[in-house]
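Notes to accompany the following structure.
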Amino acid sequence: MGSSTIEVGEFLYDVTVNFTKVTEYGVTMQALLDARTPLPPAGARFDIAFEGSVRGPKLGGTVVGVDYLHARADRRIQLHIHAQITTDDGENIAFFADGIAVLQEGTTAAQLHENGTFMTASSRYLWLNQLQVWGQGTVDPLKGQVRIKAYAA
């Protein structure tokens, strides 16, 4: 699946993950989703544990991780993601991403925009260490599901 030649803008993979646990710190997820409920001036913190799959022409496997997100009082959500990808051939790859989620008016869905990097010592996947990844997708907090398409930046 690996390749050392990746073009800018090249599609890398789709990710679909489901929430496995939500840790709230004094503000409920429902308050975040309810546009009528103001968040505290300092915002709110949520730890969203997740697991799912990574599928693409150059990378495939499973992913588990946590998004340590900060919902700001202006309703912009800052992402801080740490995850482990286990490839279909058994290699482990560390993944880090940051970015934003923007709640959509009149719905509980949000648009996601994230920047990611990888780290591995696996000889088959060293090419990932050189990549910056741009992901775009959606999150449906009520279903607890995230879908992202990732491209080489």
Side-chain angles (χ1 to χ4, degrees), residues 1-25 29 32-33 39 43-153:
M1 271 197 194
S3 171
S4 59
T5 305
I6 305 294
E7 300 294 325
V8 171
E10 184 175 339
F11 170 72
L12 297 174
Y13 54 82
D14 286 307
V15 174
T16 301
V17 299
N18 294 300
F19 297 0
T20 57
K21 181 179 179 184
V22 176
T23 303
E24 302 169 329
Y25 296 94
M29 180 64 74
L32 171 65
L33 300 176
L39 292 173
R45 162 81 182 265
F46 301 92
D47 295 350
I48 312 288
F50 60 85
E51 62 182 33
S53 64
V54 176
R55 293 284 163 239
K58 297 185 184 299
L59 184 63
T62 59
V63 61
V64 296
V66 178
D67 185 353
Y68 304 97
L69 67 84
H70 175 228
R72 297 181 349 183
D74 65 2
R75 308 199 70 76
R76 176 177 158 154
I77 301 166
Q78 295 177 260
L79 310 175
H80 186 86
I81 302 160
H82 291 263
Q84 172 190 334
I85 298 170
T86 302
T87 64
D88 291 333
D89 57 358
E91 297 292 335
N92 288 324
I93 301 164
F95 178 75
F96 168 75
D98 63 0
I100 63 168
V102 180
L103 292 168
Q104 301 301 291
E105 291 285 328
T107 175
T108 60
Q111 293 292 316
L112 300 176
H113 307 280
E114 60 182 46
N115 297 297
T117 57
F118 303 94
M119 174 47 199
T120 186
S122 166
S123 61
R124 289 188 295 254
Y125 294 97
L126 287 175
W127 57 274
L128 285 169
N129 293 343
Q130 307 305 314
L131 290 183
Q132 178 78 26
V133 176
W134 174 251
Q136 295 182 311
T138 59
V139 59
D140 184 337
L142 295 180
K143 290 183 181 177
Q145 188 170 76
V146 176
R147 294 181 183 270
I148 296 171
K149 290 193 175 295
Y151 302 86

Distance-minimising heavy-atom pair for A83 and V63: CB-CG2, 3.8 Å
Shortest non-hydrogen contact between E10 and I6, atoms and distance: OE1-CA, 3.4 Å
Residues in side-chain hydrogen bond (donor to acceptor under 3.5 Å, both in side chains) contact with Q145, at least two apart in sequence or another chain: N18, R147
Separation between [atom1] of [X] and [atom2] of [Y], rounded to the nearest 0.5 Å:
| X | Y | atom1 | atom2 | answer |
| --- | --- | --- | --- | --- |
| I48 | L79 | CD1 | CG | 10.0 Å |
| L59 | I93 | CG | CD1 | 5.0 Å |
| H70 | F46 | NE2 | CZ | 10.0 Å |
| F19 | D140 | CZ | CG | 8.5 Å |
| R124 | L126 | CZ | CG | 10.5 Å |

D74 vs R76, salt bridge (charged side-chain N to carboxylate O under 4.0 Å, His left out): CA-CA, chis, key distance, verdict: CA-CA 6 Å; D74 65 2; R76 176 177 158 154; over 6 Å; no
Modelled atom types, side-chain donor and acceptor of E7 and T5, under 3.5 Å: no
Derivation and outcome, side-chain contact (heavy atoms from CB on, under 4.5 Å), residues F11 and K58: CA-CA 9 Å; F11 170 72; K58 297 185 184 299; over 6 Å; no
Derivation of the side-chain contact (heavy atoms from CB on, under 4.5 Å) call for L39 and R75: CA-CA 8 Å; L39 292 173; R75 308 199 70 76; 4.1 Å; yes
For residues [X] and [Y], determine if any side-chain heavy atom of one lies less than 4.5 Å from a side-chain heavy atom of the other.
| X | Y | result |
| --- | --- | --- |
| R55 | D88 | yes |
| H82 | V66 | no |
| L142 | L33 | yes |
| L128 | F95 | no |
| D67 | V146 | no |
| Y125 | T87 | yes |

In residues 103-118, what donor-acceptor pairs under 3.5 Å come from side-chain atoms, sequence neighbours left out?
| residue | atom | partner | partner atom | Å |
| --- | --- | --- | --- | --- |
| Q104 | NE2 | V102 | O | 2.9 |
| T107 | OG1 | A109 | N | 3.2 |

M119/F96 under side-chain contact (heavy atoms from CB on, under 4.5 Å): CA gap, chis, key distance, verdict: CA-CA 9 Å; M119 174 47 199; F96 168 75; over 6 Å; no
Whether T120 side chain and N129 backbone form a donor-acceptor pair below 3.5 Å: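 Looks like no, no N/O pair under 3.5 Å.
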Atom CD of E24 with >12 non-hydrogen neighbours under 6.0 angstrom: yes
For T23, side-chain contact (heavy atoms from CB on, under 4.5 Å) partners two or more places apart: K21, Y25, D47
